[in-house]
Amino acid sequence: MRWLHEEQGVEPDHQAKRIDSEKRRIQACLSSMPFASLSDQVLQAYWLQLETRIEAGKTSHTSARLALRAAAALLLATNREGQRLPQQGDVDNYLHAVPGQAASVTGFTNFLNRQHATTLAPRVDVKRARKRRKETLARTLMTMARCADQGEAWREAWIVAAMEYFHDTKLTQKMLRQQTVERTTDGIQVVVGGVTYWLPLDIEC
């Protein structure tokens, strides 16, 4: 491509390159099912629906790929041999492990409901999801507590994670830079919306 650009003046088509990359990822996803299995047939049929939406300009290759990936993950989590379609318990277990995939898997469950007379609902157990998030944040803080380099970037990341863990308050690092942050003798004080939050600078490992 560099030679074509330098010698022939050919400019790369970045959109075409991106779409081609997405197509390769889609094919890899379609190939992830056991060959000729029930899951393989269902995923191929779901892809035909997504492809029709792409051609109609109703969705992009990237969105279709993400939807297809979520469908494949649910199918594999249901049955690695591809011999059984998801039931409600399978959907619940999948979303318990990855609650953030609820939106991505909705299109596929709707497809199964229409084509296979299922009654699947992608629901997330909020309490279980919150508990899982707390456990993830705790591991993050424990790992950070052992970090030798505790500079400014570390401090910002620590405050963002600690604010969510201790106070259920979500901040981005960009938002954090607009707040008042003060070091105290035993931790950090962060003022958000006029409310002062205290955070430790370390936790017991």
Side-chain angles (χ1 to χ4, degrees), residues 1-82 85-86 90-91 93-116 118 120-124 129 132-133 136-137 139-140 143 153-154 156-157 160-161 164 170-178:
M1 182 61 73
R2 176 190 245 178
W3 177 83
L4 286 172
H5 174 66
E6 292 178 351
E7 299 296 327
Q8 306 294 326
V10 176
E11 294 293 336
D13 187 333
H14 295 294
Q15 183 177 4
K17 185 177 180 180
R18 179 180 57 78
I19 291 175
D20 185 61
S21 176
E22 292 291 7
K23 286 181 177 180
R24 289 197 301 272
R25 292 179 180 181
I26 287 168
Q27 288 305 315
C29 187
L30 290 169
S31 300
S32 65
M33 295 296 106
F35 180 70
S37 65
L38 176 60
S39 291
D40 185 29
Q41 296 170 33
V42 169
L43 194 65
Q44 295 287 343
Y46 184 48
W47 163 240
L48 289 178
Q49 175 181 288
L50 292 171
E51 190 173 34
T52 299
R53 288 180 58 80
I54 292 173
E55 292 171 352
K58 295 181 178 180
T59 192
S60 65
H61 281 84
T62 299
S63 296
R65 190 253 305 168
L66 293 173
L68 196 69
R69 186 177 66 180
L74 174 58
L75 288 168
L76 290 172
T78 296
N79 184 261
R80 301 294 300 183
E81 289 73 39
L85 293 181
D90 300 307
V91 178
N93 289 335
Y94 174 71
L95 291 179
H96 171 57
V98 283
Q101 287 294 300
S104 297
V105 84
T106 296
F108 183 53
T109 55
N110 289 342
F111 169 80
L112 291 176
N113 291 342
R114 288 193 304 269
Q115 300 296 323
H116 296 273
T118 54
L120 303 175
R123 57 198 183 196
V124 175
R132 187 177 181 86
R133 177 61 179 165
T136 300
L137 286 168
R139 288 194 295 270
T140 298
T143 300
W154 179 94
E156 289 185 354
V160 168
E164 185 177 355
K170 292 187 178 181
L171 292 174
T172 64
Q173 293 190 6
K174 182 177 180 180
M175 291 168 60
L176 176 63
R177 295 180 191 123
Q178 299 171 355

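Bear in mind the structure is a predicted one, so any value in this text is a computation, not a measurement. Starting from 1, each residue takes its place in the sequence as its number. In what follows, every heavy atom counts, from backbone to side chain, and hydrogens, waters and symmetry copies are set aside.
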## Note on the structure
Tyr46 and Gly107 have their tightest heavy-atom pair at OH-C, 3.4 Å

### Task
May I ask you to check whether Thr140 and Thr143 show a side-chain donor-acceptor distance below 3.5 Å?
no

### Query
Should Leu50 and Leu68 be marked as a side-chain contact (heavy atoms from CB on, under 4.5 Å) after you check the CA-CA gap, both sets of side-chain angles, and the distance that decides it?
CA-CA 8 Å; Leu50 292 171; Leu68 196 69; 4.0 Å; yes

### Message
Tell me whether Thr118 contacts the main-chain N or O of Leu112 through its side chain, where contact means a donor paired with an acceptor under 3.5 Å.
### Response
yes

### Task
Could you go through the side chain to side chain donor-acceptor pair (under 3.5 Å) check for Thr109 and Thr106 one step at a time?
CA-CA 5 Å; Thr109 55; Thr106 296; 5.0 Å; no

### Smallest separation among heavy atoms of Val91 and Ala121, with atom names
CG1-O, 4.0 Å

### Task
Could you walk me through whether Gln27 and Arg24 pass side-chain contact (heavy atoms from CB on, under 4.5 Å), step by step?
CA-CA 5 Å; Gln27 288 305 315; Arg24 289 197 301 272; 5.8 Å; no

## Note on the structure
Between the NE2 atom in His61 and the CZ atom in Arg18, the distance rounded to the nearest 0.5 Å is 9.0 Å

### Message
Please report the interatomic distance CD(Gln44) to OG(Ser39), rounded to the nearest 0.5 Å.
### Response
11.5 Å

### Query
Between Glu164 and Leu171, is any pair of side-chain heavy atoms under 4.5 Å apart?
no

### Message
Looking at every non-hydrogen atom in both residues, tell me the closest pair between Ala36 and Gln41 and how far apart they are.
### Response
O-NE2, 3.4 Å

### Query
Nearest 0.5 Å, what's the CG-CE distance between Asn79 and Met33?
10.5 Å

### Query
Got a second to check how far Gln115's CD is from Phe108's CZ, nearest 0.5 Å?
11.0 Å

## Note on the structure
In terms of heavy-atom contacts, Cys29 and Arg69 come closest through SG-CA, 3.7 Å

### Task
Can you see which heavy atom on Leu76 is nearest to which on Ser32, and at what distance?
CD2-O, 4.1 Å

### Task
Decide side-chain contact (heavy atoms from CB on, under 4.5 Å) for Leu95 and Arg123; before the verdict, give the C-alpha distance in whole Å, the side-chain angles of both, and the deciding distance to 0.1 Å.
CA-CA 7 Å; Leu95 291 179; Arg123 57 198 183 196; 5.8 Å; no

### Message
Distance check, rounded to the nearest 0.5 Å: Arg65 atom CZ versus Trp47 atom CH2?
### Response
11.0 Å

### Spacing of OG1 belonging to Thr59 relative to CD1 belonging to Ile54, to within rounding of 0.5 Å
6.5 Å

### Check against side-chain contact (heavy atoms from CB on, under 4.5 Å), Met175 and Val160
CA-CA 9 Å; Met175 291 168 60; Val160 168; over 6 Å; no

### Task
Quick one: closest heavy-atom pair of Pro86 and Leu75, and the distance?
CD-CD2, 3.8 Å

### Query
Is any side-chain heavy atom of Leu30 closer than 4.5 Å to a side-chain heavy atom of Leu43?
yes

